[in-house]
Each structure stands twice: as structure tokens, then as C-alpha cells.
Protein chains: 2
Amino acid sequence: MGPKTASGNLLERRAGVALWRQIADRIRQAINIGEFGDSGMMPPEMQLAERFGVNRHTVRSALAALASEGLVQAVQGRGTMILRRDRLSYPIGKRTRFSEGLQGQAERIAFQCLGHGRTVAGAEIAEALDIPPGTECITLETLGGADGIPLSRASHVFPGPDFAAIPAHFERFGSITRALAEVGIADYTRLSTDVIARHALPDEVAELKLSPGAILLETVAVNADGEGRRIQYSRTRFAADRIKLRIES
Amino acid sequence: MGPKTASGNLLERRAGVALWRQIADRIRQAINIGEFGDSGMMPPEMQLAERFGVNRHTVRSALAALASEGLVQAVQGRGTMILRRDRLSYPIGKRTRFSEGLQGQAERIAFQCLGHGRTVAGAEIAEALDIPPGTECITLETLGGADGIPLSRASHVFPGPDFAAIPAHFERFGSITRALAEVGIADYTRLSTDVIARHALPDEVAELKLSPGAILLETVAVNADGEGRRIQYSRTRFAADRIKLRIES
DNA sequence: CGCAATTTGTTCGTATGTATT
DNA sequence: GAATACATACGAACAAATTGC
């Protein structure tokens with residue numbers, strides 16, 4: 001058998017890293033984004049072997065490594081249990097970038113636009129963005145996820161018609177930072193972030209593919225450009241069992 | 001009735017602020033820490049009048065102010081509903097002080113010691129505090145609350161026997177900042193804070209007086225002294241329906 | 001209870017790539 | 001370069017434990 005270079009398969013033999021290590025990493029990521037569900041059980045070794053296109057022994061080596069980390073535990077005849085799940089870590093700070101927070105912790109991180117429109121600013125948004133109540137604003141609804149697992153559902157508000165092109169840019173680049181750059185905002189910083197936790201509403205359960213009664217981490221963030229002008233108000237709902245927030249002072 | 005100067009009663013006539021404003025502030029605080037329960041209803045106006053030692057009309061003025069804020073809504077014959085509850089805001093940043101975060105948002109904020117002892121550092125704490133696993137550490141268990149309503153339940157770990165006097169100092173002053181000062185640490189900064197949300201365990205429900213199935217905001221924080229030495233590892237569980245975290249960058 | 005199906009655990013054998021001597 | 005040792009990967013077969021019927 002020659003080396004696998006088939007498109008779509010990220011595994012590479014003779015890449016300097018043993019196959020079972022690569023597979024251990026991918027299984028770890030898959031566990032952390034909740035790809036194996038809430039049952040707490042891994043798929044059988046044979047299924048994993050098929051999925052990754054390797055021998056069962058190779059999968060077993062990977063699982064043994066994860067077991068020694070305390071991440072999973074195998075029981076003969078029953079299967080392999082998931083013991084611990086390190087949530088993906090979403091960093092929050094002055095330089096928080098909505099679309100970049102999860103890079104490197106999972107494969108295929110993607111953001112999509114669920115819709116966009118216009119509203120007039122209510123009291124809360126007007127105060128946060130430092131604009132008169134009633135000002136017309138641009139709205140953008142987004143969904144973020146990794147490997148097809150939804151992680152975050154955000155509602156963004158931008159003050160005034162200067163930002164009317166944001167949704168189109170976002171749809172094209174999948175990045176708010178990039179979309180802001182396209183309308184002339186090269187840099188911005190986060191002023192504040194409020195964090196609450198609450199139960200998910202029925203439509204949030206549907207959008208984020210949660211189980212009923214699931215918990216959300218909801219953040220309300222305000223960003224400002226280099227001159228201190230408020231440019232963005234975002235309310236993001238994270239699936240609390242898949243994400244943790246990390247604040248580095 | 002003369003001016004009230006009785007100890008324990010914070011209301012003061014002729015203090016430059018109208019009585020009904022002072023009462024409105026206190027009711028707002030009481031609502032926000034959940035003092036009126038989850039029923040969503042305020043006590044009758046007569047009860048409130050009695051509690052604050054004022055005429056029912058004064059309470060009505062206060063409630064009218066709160067109604068115009070959208071915080072409550074009175075319905076003739078039914079009572080006064082609580083519409084919105086602004087959680088207490090717990091600030092997190094480089095200068096976060098455990099015992100000072102809630103000052104000014106509620107009356108009678110207090111921290112008590114639930115217990116203390118020694119442990120040996122496991123892998124996670126050893127890494128966080130930058131000490132060898134197995135090092136003996138000082139532990140401190142605390143409960144924080146406002147007006148008798150529990151708000152936070154924290155477990156603190158201090159590296160090594162240098163901190164053995166911390167629990168005694170905390171019991172005396174009710175402040176970790178002060179206790180650290182007593183052992184020679186005049187200043188410290190917060191290095192990082194992790195935030196997750198999860199369901200409360202049965203004993204946490206009991207300790208924080210929550211309803212079953214309630215949600216916790218759990219923070220894991222690491223503090224360091226001026227020279228960067230890690231001096232404190234704290235895991236704090238906040239009642240999520242009473243607290244929000246605020247991160248100012 | 002027994003029985004079959006499923007799943008992990010173990011032991012052979014074989015082949016190949018990598019690092020050391 | 002050759003010999004050696006070691007880690008990696010695949011294949012087949014069987015043993016042992018668990019689960020559902």
C-alpha cells in the first residue's frame with residue numbers, strides 16, 4: 001500500500017508523526033466538540049478504524065494514548081466510555097476576534113450567515129453603541145461551528161448605514177474582522193464583555209442542535225475602532241457543554 | 001414620627017435624597033439578588049411599607065419609579081410582578097478582588113469561611129500554580145452572599161505552608177485580599193480566568209439555596225504576586241440566575 | 001437460564017520505515 | 001554502507017466480557 005494522498009483525508013503516513021498519534025489528536029478534537037453525542041460512549045474500534053481508513057490496531061494505539069490521558073476508558077465487552085471532555089476554549093480579551101477564537105482546536109471551523117437586515121436601536125443597544133435611540137442599524141445573524149457541530153449563535157448590530165455592506169462581505173469571507181476591514185475599519189478592540197448563563201430557548205435548542213434543557217453561555221460584547229467609536233454590538237450564545245471562555249488579563 | 005437614625009436602618013430622612021428614591025434603590029437591589037424568590041411577584045405594598053417603616057404611599061412612589069424603568073409592573077387586584085431582573089455584575093480583570101467585586105450593588109455583602117485544611121496538589125492545580133505535583137497546599141472554602149442570599153461558593157488553594165495563616169486571617173477580616181496582605185503579599189494580579197456553565201450538583205444546590213436543576217457559572221482563576229509567582233488558585237461557583245460576569249478590557 | 005451478537009483484549013505473523021552503532 | 005534495534009502499521013484469529021433476546 002502506498003502513501004495516502006487522497007483528497008479529504010488529512011492523515012499522512014511518513015509525515016514524521018506516527019499515524020496513531022494523528023488519529024489520537026483527531027479523536028480528541030471530535031470528543032471535545034461533542035461529535036460523539038452525549039451518550040458518553042465512543043463508537044466501536046472497528047467503526048473508527050473504517051472511518052479513518054486504518055487498521056483496528058492503529059485505532060487501539062490512539063485510544064490507549066487517550067486512556068492514559070484520562071480522557072476515555074475502555075471496558076471489555078461494553079465499549080469505550082468518554083470520561084472527560086475538555087471544552088473548546090474561546091479566548092476573550094482586548095484583541096478578541098469573533099471568527100478566530102477557536103482556530104487550532106478543531107478541524108474545519110466555519111461561520112455562516114443565517115440572515116441580515118435593519119433595525120432601529122432600542123434603549124440597550126443605543127446606550128452600548130453610544131448612538132441616539134431610534135438610529136437605524138445593520139443586523140447580522142451568524143452560526144459558528146466545527147466539523148458540522150454548531151458551537152455559537154450570534155446576533156450582531158452595527159451602527160448606521162455605513163455598515164450596510166457588512167453582511168455581504170461576511171457572506172463572502174466568513175469573517176467579521178475581514179468584513180470590517182472591507183468597510184475601512186482596519187483595527188478594533190473589545191471594550192467590554194458581559195457573561196451570563198441560562199437555559200436555551202426552544203428555537204436556540206433547534207439552531208444549535210442541543211438537547212432540551214441545555215445550557216447557554218451568553219456574551220454581550222461591544223467593540224470600538226481605534227478612535228474609540230463604537231462599531232459593533234454582539235450577543236453570542238455558546239453551547240455551554242462544548243465551550244469554555246478564557247479571560248487572559 | 002421623627003427622623004430615623006436607628007442603627008441597622010439605612011434609610012435617612014432629610015439626607016438630600018427623597019425617601020422614595022432610597023426605597024426604590026433598596027427594592028431594586030432586593031429584586032436583583034433574588035430576595036423575593038422565583039415566583040415573579042413582589043410582596044404586597046403594605047408589607048413593603050411595614051418592612052421599610054414608611055407609609056404605603058412612599059412605597060408606591062418607589063414602585064412607580066421601578067415600573068417606569070420596566071423592572072416591575074403593577075396590576076390592580078393581582079399585585080406587582082417582577083418583569084426583569086438585572087443580575088449583580090461581578091467584574092473580572094487584572095485587578096479582580098474576590099471580596100470586592102460586588103460592592104455597591106447590594107446591601108450587607110458578606111463572606112464566610114465554611115472550612116479549611118490541607119491537600120496535596122494534583123496535576124491541574126500543580127500546573128496552574130507552577131509547583132511540583134504532590135506539594136502540600138492550604139485550602140479555604142468560602143461562601144459569599146448579600147442580605148442572606150447566597151451568591152458564590154468558592155474553593156481556594158494556596159501553594160505551600162507559607163500560607164497556613166490565610167484561613168485564620170480570612171475568618172477575621174472576611175477578605176482574601178486582606179488575608180494575603182497579612183502574610184506579606186501587598187499586591188497581586190489575576191493571570192487568567194476560565195468560565196464554564198453547568199448544572200448545579202445536589203450539594204451545590206443545598207449550599208447556594210438554589211432550586212433543583214439550577215445553573216452555575218463556574219470560574220477557575222489564577223492569581224500571581226508582583227514578581228509573577230502564582231499565589232492562589234480559586235474555583236468559584238456563582239448562582240447563574242443572580243450573577244453576571246463583566247469583563248472590561 | 002442459555003444463546004447469539006457485539007465489542008474489547010490478546011497473541012501470533014509479516015512488512016516497512018527510522019535511528020543508532 | 002551494513003548491521004542492528006526499535007517503533008510503526010497491517011492482517012488474521014481467538015479469548016473474554018457484556019448485552020439483549
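Just so it is clear: chains get the letters A, B, ... in the order the sequence lines come, proteins before strands, and each one is counted from 1.
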From the set D:dG11, C:dT7, D:dT8, return the single nucleotide nearest to any side-chain atom of A:Ala18. D:dT8
Return the nearest nucleotide to the side chain of A:Arg56; candidates are D:dA13, C:dT11, D:dT8. D:dA13
Who pairs with [X] by side-chain contact (heavy atoms from CB on, under 4.5 Å), at least two apart in sequence or on another chain?
{"X": "B:His199", "answer": "A:His199, A:Ile215"}
{"X": "A:Met81", "answer": "A:Met41, A:Gln73, A:Val75, A:Arg78"}
{"X": "A:Glu50", "answer": "none"}
{"X": "A:Leu191", "answer": "A:Val222, A:Ala224, A:Arg230"}

Is the shortest side-chain N/O distance from A:Asn55 to OP1 or OP2 of D:dA9 below 4.0 Å? no
Roughly how many Å is it from [atom1] in [X] to [atom2] in [N], rounded to a whole number?
{"X": "A:Trp20", "N": "D:dC6", "atom1": "CH2", "atom2": "C1'", "result": "14 Å"}
{"X": "A:Met46", "N": "D:dA12", "atom1": "CE", "atom2": "C1'", "result": "12 Å"}
{"X": "A:Glu45", "N": "D:dG11", "atom1": "CD", "atom2": "P", "result": "16 Å"}
{"X": "A:Leu48", "N": "C:dT6", "atom1": "CG", "atom2": "C1'", "result": "15 Å"}
{"X": "A:His57", "N": "C:dT14", "atom1": "NE2", "atom2": "P", "result": "15 Å"}

Can you find a pair of side-chain heavy atoms, one from B:Val157 and one from B:Leu129, that are under 4.5 Å apart? yes
Go through residues 59-80 of chain A and report each residue with a non-hydrogen atom lying under 4.0 Å from DNA chain D, sorted by number. A:Gln76, A:Gly77, A:Arg78
Can you name the side chain to side chain donor-acceptor pair (under 3.5 Å) partners of A:Glu45, sequence neighbours left out? A:Arg56, A:Arg60
